[in-house]
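Heavy atoms only: backbone and side chains are in, while hydrogens, waters and symmetry mates are out.
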Amino acid sequence: LSYNVHVWHKLAENGIPRGRLGFHDQCSRRRRLRHAFRKVDIGERDMEKDRHVDLRVRKTIEAIKETYCELVLEMDADRITVKELTDRARIHRKTFYLHYSCIEALAEDVIGDLANSYFGRIDAIDPGMPIDETNRVFFEFMEGGREGELLRRLVLVPSYRAFSNK
């Protein structure tokens with residue numbers, strides 16, 4: 001009896017109505033109930049995943065991002081395709097889609113990494129420093145090295161601005 005009460009409470013939480021249902025409706029209700037329980041389990045597993053990511057997964061994501069950055073520096077946004085990226089990264093298309101839904105999602109992730117790198121540099125500045133110091137860090141970031149070149153291309157080149165707005 002207590003199991004049934006628990007199941008009915010779980011159904012009510014997920015907006016699944018009680019009542020007399022036919023066999024097919026009961027099957028559908030069971031599927032929805034399994035899905036409701038699975039959502040709870042998946043959320044807990046995702047938190048665990050964030051703590052420990054397999055080395056192979058990290059290397060694959062780094063290869064995808066590195067290849068994307070190379071392509072950004074070489075060509076316009078409309079010429080970058082998943083096929084080109086996966087061929088250069090030496091991974092299968094399915095592997096790309098396992099980690100990213102589309103090129104735009106990858107671009108968003110790369111821009112996020114660049115922003116985090118910049119914020120890390122800003123956070124290293126003493127809060128009592130004048131605004132000139134913050135400006136200096138910004139201009140050094142934008143002018144210096146590969147990160148600055150990549151960020152300038154992603155932000156200033158018209159094809160990438162349109163590409164990031166998709």
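- L98 and I61 are not part of a single hydrophobic cluster, where members link through side-chain heavy atoms under 4.5 Å apart.
- How far CG of L106 is from CG of L85: 6.5 Å, rounded to the nearest 0.5 Å.
- Cluster membership check: I125 shares its hydrophobic cluster with Y118, using side-chain heavy-atom separations under 4.5 Å among Ile, Leu, Val, Met, Phe, Trp and Tyr.
- Nearest heavy-atom pair, T67 versus R88, reported as atom, atom and distance to 0.1 Å: CG2-CB, 3.5 Å.
- Nearest heavy-atom pair across A107 and Y68 is CB-OH, 3.2 Å.
- Atom CD of E84 is surrounded by more than 12 heavy atoms from other residues, nucleotides or ligands within 6.0 Å.
- Summarising the geometry of H92 relative to T86, their closest heavy-atom pair is O-CG2, 4.1 Å, with the distance given to 0.1 Å.
- Distance SG/C69 to CG/L154: 7.5 Å, rounded to 0.5 Å.
- Using a cutoff of 4.0 Å between basic side-chain nitrogens and carboxylate oxygens, E147 and R121 are scored as salt-bridged.
- Residues L71 and L156 are members of one and the same hydrophobic cluster, defined by side-chain heavy-atom contacts under 4.5 angstrom among Ile, Leu, Val, Met, Phe, Trp and Tyr.
- Closest approach of L114 and F141 over heavy atoms only: O-CZ, 3.6 Å.
- Taking 4.5 Å as the limit, every side-chain heavy atom of Y160 sits out of range of all side-chain heavy atoms of V155.
- One finds the NZ atom of K65 at 4.0 Å from the CG atom of D109 (value rounded to the nearest 0.5 Å).
- The distance from atom CZ of R153 to atom OG of S159, rounded to the nearest 0.5 Å, is 6.5 Å.
- To the nearest 0.5 Å, the span separating CD1 on I91 from NZ on K94 amounts to 13.5 Å.
- In summary, D54 and R58 do not engage in a salt bridge, as defined by a charged side-chain N under 4.0 Å from a carboxylate O.
- In this structure, H99 and V57 have side chains that are in contact, with non-hydrogen atoms separated by less than 4.5 Å.
- Separation of atoms CD (E149) and CD (E143) is listed at 12.5 Å; rounding is to 0.5 Å.
- Residues R136 and E140 are paired through a salt bridge, judged by an N-O separation under 4.0 Å between the basic side chain and the carboxylate.
- F138 and F119 end up in the same hydrophobic cluster when Ile, Leu, Val, Met, Phe, Trp and Tyr side chains are linked at under 4.5 Å.
- In this structure, E70 does not pair ionically with R146, as no charged nitrogen and carboxylate oxygen lie closer than 4.0 Å.
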